[in-house]
Each structure stands twice: as structure tokens, then as C-alpha cells.
Q: 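I'd like to ask some things about the structure below.
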Amino acid sequence: MQKGQTMFRDDDPPKPRKAHEIGCDLTFLSAAELDERITLLKEEIARLEADREAKTSSRAAAESFFR
């Protein structure tokens, strides 16, 4: 490392902060912040359910094809 350089680069992008971590402390969140997290989590649940449905459907189709 050359003189005047630091270990960390100033142009490294910051790591994205998680919007919500399961089990985190909710004490200091406002009602609006809780509403935002609830909306975010409901959207994520819908995405997970849609993916599960797609996988279940494709598996059922494959099973019926090979009978």
C-alpha cells in the first residue's frame, strides 16, 4: 500500500441495507415505518406464494406426464 492510501476505497458502493430483518427490534420504528415494512413483507409473501405455486404446478405436470 502506498503512503496516503487507506485500506478502503472511497468509491466502493455502500452495501445495501436490509429493509427488514426478521426478529429485529421494532421499538424505535414509527407507525408509518411499520406500515412500510408490513407492505414490503406482504409483497414478498405474495412473490413467494406465486413461486411456490409455479413450482408445484410444474411438478404436478411432470408427474402426470410420466405416469
Side-chain angles (χ1 to χ4, degrees):
M1 191 175 337
Q2 293 180 358
K3 187 176 179 180
Q5 289 183 329
T6 61
M7 251 175 88
F8 302 103
R9 292 178 45 177
D10 290 336
D11 57 350
D12 285 342
K15 292 183 180 180
R17 187 170 167 255
K18 290 182 180 178
H20 181 75
E21 185 176 326
I22 303 298
C24 69
D25 183 13
L26 306 174
T27 305
F28 299 108
L29 296 176
S30 69
E33 290 170 317
L34 290 170
D35 287 340
E36 289 174 11
R37 290 182 183 211
I38 290 168
T39 299
L40 177 73
L41 291 169
K42 284 181 178 180
E43 290 170 354
E44 182 64 7
I45 289 169
R47 187 180 76 88
L48 291 166
E49 288 174 337
D51 195 56
R52 179 186 62 192
E53 180 64 31
K55 289 178 181 180
T56 305
S57 297
S58 64
R59 180 180 177 149
E63 287 176 352
S64 68
F65 178 78
F66 290 107
R67 285 186 187 172

Q: Does a salt bridge link Asp51 with Lys55, judged by any charged N lying under 4.0 Å from a carboxylate O?
A: yes
Q: Could you walk me through whether Leu41 and Glu43 pass side-chain contact (heavy atoms from CB on, under 4.5 Å), step by step?
A: CA-CA 5 Å; Leu41 291 169; Glu43 290 170 354; over 6 Å; no
Q: Do Leu34 and His20 come within less than 4.5 Å of each other through their side chains, counting heavy atoms only?
A: no
Q: Return the CZ to CZ distance between Arg52 and Arg47, rounded to the nearest 0.5 Å.
A: 13.5 Å
Q: So, Glu33 side chain and Ser30 main chain: donor-acceptor pair closer than 3.5 Å or not?
A: yes
